[in-house]
Amino acid sequence: MDRRGLRPTANPSAVIAAELAFAQLAQDKGQWTAFRDTATSDAVMFVPQTIRAQDFLKGRANPPVAVKWQPHQIWSSCDGSIAVTRGAWQRPNGTGYFTTVWQRQRDGGYKWVLDQGEPLAMALDAPEMIAAKVAECKPRPAPSAALLPDRRTGQSDDGTLIWEARVDAQCGRTLRVALWDGTKLNDVFSATVEAPPAAERPAGGCS
């Protein structure tokens, strides 16, 4: 049993269900309502600087038409404490991709701790099935490590999945996800978002 009293087992289906419920909530209750209700208290977003999601979302009015999205891939730690989803989103004026880091909660459900995305010139092709990959288990669990959103890094309780988001002074960013393969951590996903035009950056920059 892990420190929260939950069986340390990967459950990609539960994460996919959480992602689909999140997407449906956006259609039923409003975009920012859904983001606010499914985020942890210390979750982060990029606007383009890093910001605590609950601060950004507090009191924010929902847009008339909510963004739609669908998960395409999922990566999970062996113990299921952290998982990452990637997929496609659509708005009336464009399309793009998203990446979301999910953390298992004390009740066994999942909430997101990091969400980021970017427009794309062409829509992602939808897969026939959602692809899932689970890290190999380690012989001994790693020391439990809390997620540190302000540093934009985190890992699963067993150390078999790590993620890292870096934001430079011009507000460009990179996101990396790595899984344990039984011997070492291997990158399974990496994305780079180019810096926005200078006029769209905060006055103090993003570093």
Mind listing the side-chain donor-acceptor pairs of residues 189-199 below 3.5 Å, one per line with the distance, residues two or more places apart or on another chain?
none

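Within the structure, no pair that satisfies the salt bridge (charged side-chain N to carboxylate O under 4.0 Å, His left out) test touches residues 55-72, not counting sequence neighbours. Applying the salt bridge (charged side-chain N to carboxylate O under 4.0 Å, His left out) rule to pairs touching residues 83-97 yields nothing, sequence neighbours excluded. The side-chain hydrogen bond (donor to acceptor under 3.5 Å, both in side chains) analysis of residues 116-134, with sequence neighbours excluded, yields the pairs Tyr97-Gln116, Thr99-Gln116, Gln116-Arg173. Screening residues 27-137 for disulfide (SG to SG under 2.5 Å), with sequence neighbours left out, gives Cys78-Cys137.
For the atom pair Lys111 NZ and Gln103 CD, the distance stands at 10.5 Å (nearest 0.5 Å).
By the side chain to side chain contact (heavy atoms under 4.5 Å, CB included) test, Asp28 is found to be paired with Gln24, residues two or more places apart in sequence or in another chain being considered. Arg166 pairs by the side chain to side chain donor-acceptor pair (under 3.5 Å) definition with Glu164, not counting sequence neighbours. Considering only residues two or more places apart in sequence or on other chains, Thr40 meets the side chain to side chain donor-acceptor pair (under 3.5 Å) condition with Asp42. Every residue two or more places apart in sequence or in another chain that forms a side chain to side chain donor-acceptor pair (under 3.5 Å) with Gln70 is listed here: Gln90. Annotation: side chain to side chain donor-acceptor pair (under 3.5 Å) contacts of Asp37 (sequence neighbours excluded): none.
The hydrophobic cluster containing Trp69, built from Ile/Leu/Val/Met/Phe/Trp/Tyr side-chain heavy atoms closer than 4.5 Å, also comprises Val15, Ile16, Leu20, Phe22, Trp32, Phe35, Met45, Val47, Ile51, Phe56, Leu57, Val67, Ile74, Trp89, Phe98, Trp102, Tyr110, Trp112, Ile130. Trp180 belongs to a hydrophobic cluster whose other members, connected by ILVMFWY side-chain contacts under 4.5 Å either directly or through intermediates, are Ile162, Leu185.
Between Ile82 and Val101, some side-chain heavy-atom pair lies under the 4.5 Å cut-off.
A donor-acceptor pair is defined here as one N or O able to donate and one able to accept, closer than 3.5 Å; no such pair exists between the side chain of Arg176 and the backbone of Trp163. At least one donor-acceptor pair closer than 3.5 Å links the side chain of Thr38 to the backbone N or O of Ala34.
Put simply, Val113 and Val44 are part of the same group of oily side chains (I, L, V, M, F, W, Y) that touch within less than 4.5 Å, one to the next. One hydrophobic cluster holds both Leu179 and Leu175 under the rule that ILVMFWY side chains link at heavy-atom gaps under 4.5 Å.
Closest of all the heavy-atom pairs between Gln31 and Pro63 is OE1-CG, 3.6 Å. Cys206 and Val167 get closest at one heavy-atom pair: CB-CG1, 3.7 Å. Across every non-hydrogen atom of Gly182 and Glu136, the tightest pair is N-CB, 3.6 Å. Contact between Asp79 and Ser156 at its shortest, heavy atoms only, is OD1-CB, 3.9 Å. Counting all heavy atoms, side chain and backbone alike, Ala83 lies closest to Leu161 at CA-CD1, 4.5 Å. Between Ala39 and Gln54, the shortest heavy-atom distance links the atoms O-NE2, 3.4 Å.
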